[in-house]
Amino acid sequence: MNAFTTVIGLEVHVQLATQSKLFSPAPSSSLGEPNSRVHAVDIGLPGVLPRPNATAIALAVRASLALGGEIQRTSRFARKNYFYPDLPKGYQISQFDEPLCRGGSVPLGDGRSCRLHRIHVEEDAGKLVHGDIGTMVDLNRAGMPLVEIVGEPDLRAPSEAHAFLTNLREILRGCGVSECDMELGTMRCDANISLMPAGATEFGTKVELKNLNSPKMVQRALEYEERRQAAILAAGGRIAAETRGWNDEAGESRPQRSKEQAPDYRYFRDPDLPPLVIDDATIARERGAIGELPDARRARFRSHYDLPDYDVALLTQERDVGDWFEALVAEGIAPKTASNWVMSDVLPARNARGASMATFPVEPRGLAELLRMLDAGTLTQVAARRVFAHMVDTRDSAADATRTLGLLRIADAASLEPFVAAAIAALPEAAAAVRAGKERAIDALKGHVMRATKGRSDPVLVDTLLRQSLSRG
Amino acid sequence: MTPGLAGLSATRIAAMVRAGEVTAVEATEAALARVGAADSELHAFLEVTRDTALAAARAVDERHARGGDPGPLAGVPMAWKDNLVLADHVASAGSRMLEQYRSPFTATALQRALAAGAIPIGRTNMDEFGMGSSTENSAYGPTRNPWRRDRVPGGSSGGSAAAVAAGMCPLAMGSDTGGSVRQPASLCGVTGLKPTYGRVSRHGLIAYASSLDCVGAFARTAEDLALWLSVVSGIDPADPTSTPAEPGHTRRRQDLRGLRIGVPWELNGPGLDDEIARVTREALATLTELGARVVDVALPHVPHAVPAYYLVATAEASSNLARYDGVRYGLRRGANRCDAMITASRSAGFGPEVQLRILLGTFALSAGYQDEFYRRANDARAQLTADFRAAFAQCDVVWSPTSPVPAFPIGSRTDDPLAMYLCDVLTVPASLAGLPALSQPCGFTRDGMPVGMQWTAPAMQDEELLDIARLFESHTDHHKRSPTP
Amino acid sequence: MQPPPPIDRNELQKLAELARLHVPAERVATVTQHLQRIVAAFDALRSEKEEATVPPVPVAPLRLRPDVAEPPLTTEVVLRNAPRQAAGMFVVPRVVDA
């Protein structure tokens, strides 16, 4: 059995989905040339003062409420003082002992959850690029709005860290707080991990892991670190308190700096920023903006629409997709039919176009019209999928697309007889096999008719006509 | 040469320009001529912005000629302290660190004055980053007191005070963190206003101590300062600590009868120079003759004011001045590693007093000492604020001398920072409490040096202070005396 | 009553490192003495047995700006005062992590 218990705590930085930076009106869009998203405030020029962004605060409140934290009605910004060339003012505006939110939790699945210590608002630093002539400083990222979500050391396995991050991402994306894309850096995670002898209550020396760019990478890095520490401890060694950087390609972490001596950041209240007061109206508004949290939505989709778990998982992954599905059902489409179409046709088409549900060319009403034609027998299943593809390309209505493609179903015997005869003539061996009692050979003949009619022929009628012809001959 | 046009008040010049009796260009040229004649000895200015001034003056005249409103400060030559930034001009804050630094934007207070027709004639000398009480801590050499060349003008806005005192301009902007407008006003015999904290935007003021810094101004009359305040004050989206003017302060006091003058013994006790004590006592007697009533009030936490002020101010300064790292602007000293470059640049760019205050502020905030020093200093600050609140239950204004000493000889106190800090004992209480305070001339020492008295009012009652000062002027002529050029 | 905290050469060295200042050897004695005197003078503040309650100072709450992006500075303006620049970026000597 395991000789050690693993203790993991995560600190997650999430970039808030605002138009402008936390303390400056420079755009917060991430693309662009170096130093092209910079305001005097972001350079820390002499005489500038911070201009706090209302939406950043609102989104931080929303995130805190969505995670069940307790909003502190009065909180303060504080300065964290240290010198680094990516930190323009020589201090970072953050929150220290008076954060925006205390408590909260992130679900881990199976009814378990990880408690949160606190959530606070802070500004990002710039970026350093190391070159031949020295180090280059790009301030585009300086001043981007962040919340730091500090988890309690409640996690006991690397897989729980993975669950923490994917659930956190789902919640924050769901309520519009952030894109939470770890690869793009809009969500960043540092992990603290220590091992203690099984049954012990006092945590071991912790190591901080950095440079973790996806939930999977977090899990891999923690698994590596778990093994590394266990090996050292098992051999009677001692863990050094340090920060280690994960190298995913090499599959190992390397020491970055010792944490034996904590730096003295000389935190103090930022005298440029009066207390941040959150009023009832803000809390009510942001609570309303959270909408349905992922767990609640999953439960509702399961019970209300009677959908299998696989469908529920797919439809609730993104809030827009679930909304689209529900709009389709509201048009009178049976939930399972609606779910099948969203999963097998709508999502692939959207992904292929790199579109969002908001910009997707077909609306739920349009697909509902098509599905009603299918239900009425005006179209075959095969034809309906072609019509849908055409609607996506052209934004035509279902009726117009069907006419354009000439895909109305052929369901009269007189029109189909010649195709049936041609199929029997073209595939004499299959015809003979059917006559000899080999039932399944009839599929080849049906396929021939379908191809010849471009999928428009009514499959039931084709079957009847084929059997009539073969029994006659 | 007589001051002539340059010797007139801002209110008078603006009225003449608006009436078409004189052009802004004429007023500007008169001021520039006076600067040219007087400043080589005084060194009030770090730069005379002749071209900018004349261009601004022409713009005012053209606007006027086209029938437009030339503004309430039309054609008023104005100097500004070197820690207020003007777009495309150098702003050095009296420091080597920023010798070459050109700002891409203009300070809100300066911008509002210029939009009102004021003419920017030059930036004035100051103690580096506002850290000093004598203007001797400027990296560019001291400014001399126009009343006696071997005396300091006070500080840190000594250049602005000297410029107004010497008749080079009727109006000059400064900044006051612990007395940096009031004390030089007193030492130079002019009127200086430190508005309520937040009434004038700090945007574009190069920070010393954020919770204390106020943009203020010097003039020869209270009326000019009232005009200046009406133009520059008000809320600014670029300064989250700026406050809107509260309505209801428009009533003007018509005389001093019944004015309850609170005289705290803590600000009038031992430690005052004999001549300061004598002159201010006489002024107080004049005030009672004019109908004002003296009320004894207590400010029991005043003895803590100087320590509290220096701990709070230097703590904030240690953080505010961390941006000067040689990376994005300012002086850089070469080194082959970035951290060594930062240390070398800061050590070369900051003068000794600034370095001393950064070290003191770093100490006040550092682990293990922050609770004992910085937190206690803030507690003392809150207690002092409460003292004032209690005092204002009994009086309309608090009165005291502005400076415990008249202008002292250049070089006489530079070796002893603590002695220099104690010059601020009378001005830092209002700074810590964020209250409006004003210094105005109230007499002269036997050897002819000006003496100022200080008025402090409840928050947002800046106009009340200006009214009181104006009424005192109307019965006295100390403010009309000027140094012999 | 505890004596004021000593600011000796070691303490000065620590402060100077935190503040990224180099105090030259010939200045160390003077600066240490100045700081020591100032701290000692301010020690009254530390030792004063104050009443437990500190009166609250009312402050207006923080005003927030609407989230509207404004055009940023041109890169030329951003770099105008840069001691050294290349490729649209500020250039500093090599950063070496401690």
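Chain identifiers are assigned alphabetically (A, B, ...) following the order of the sequence lines, protein sequences preceding nucleic acid strands; residue numbering begins at 1 within each chain. Note that these values count all heavy atoms, side chains included, but never hydrogens, waters or copies made by symmetry. Since the structure is predicted, the reported quantities are computational estimates derived from the model, not experimental observations.
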Legend entry - Under the side chain to side chain donor-acceptor pair (under 3.5 Å) test, residues paired with R37(A) that sit two or more places apart: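 Listed in chain order: S29(A).
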With a cut-off of 6.0 Å (strictly less than), are more than 12 heavy atoms of other residues, nucleotides or ligands near [atom1] of [X]?
X       : atom1 : answer
K206(A) : NZ    : no
R287(A) : CZ    : no
E252(A) : CD    : yes

Contact part of [X] toward chain C, heavy-atom cut-off under 4.5 Å: side chain, backbone, both or neither?
X       : value
L273(A) : both
I57(A)  : side chain
L59(A)  : neither
P27(A)  : both
Q19(A)  : both

Inset, instruction - Any ring-ring contact (aromatic ring centres under 6.0 Å, His included) involving residues 16-62 of chain A? Give me the pairs, sequence neighbours left out, ordered by first then second residue. - result: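 Found F23(A)-F77(A).
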Inset, instruction - Taking heavy atoms only and a threshold strictly under 4.5 Å, list by residue number the residues of residues 82-92 of chain C that touch chain A; give 'none' if the list is empty. - result: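 Against chain A, the residues of residues 82-92 of chain C that fall inside the cut-off (heavy atoms, under 4.5 Å) are R84(C), A86(C), A87(C), G88(C), M89(C), F90(C), V91(C), V92(C).
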Legend entry - Neighbours of chain A found in residues 21-30 of chain C - heavy atoms under 4.5 Å: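 At a heavy-atom separation under 4.5 Å, chain A is reached by no residue of residues 21-30 of chain C.
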Legend entry - Distance in Å, L276(A) CG paired with R63(C) CZ, rounded so as to fall on 0.5 Å steps: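 Output value for this atom pair is 13.5 Å.
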Legend entry - Point-to-point distance, once rounded to the nearest 0.5 Å, from CG of L139(A) to CG of L79(C):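 Result: 8.5 Å between the selected atoms.
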Legend entry - Contact winner vs chain A - R94(C), R20(C), K14(C), heavy-atom pairs under 4.5 Å: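 Of the candidates given, the most pairs with chain A belong to R20(C).
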Legend entry - For chain A, the option from D67(C), L64(C), L62(C), L18(C) that forms the most heavy-atom pairs under 4.5 Å: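 Winner by heavy-atom pair count: D67(C).
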Do you know which two heavy atoms are closest between [X] and [Y], and how far apart they sit?
X       : Y      : answer
L128(A) : V95(C) : CD1-CG2, 4.1 Å
S36(A)  : T75(C) : CA-OG1, 4.2 Å
P274(A) : A60(C) : CB-O, 3.3 Å

Inset, instruction - Between chain C and each of A54(A), G90(A), G134(A), count heavy-atom pairs under 4.5 Å; write down the option with the most. - result: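 Most pairs with chain C among the choices: A54(A).
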Inset, instruction - Select one option (side chain, backbone, both, neither) describing which atoms of V78(C) are under 4.5 Å from chain A's heavy atoms. - result: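 For V78(C), the contact with chain A is made by backbone and side chain together.
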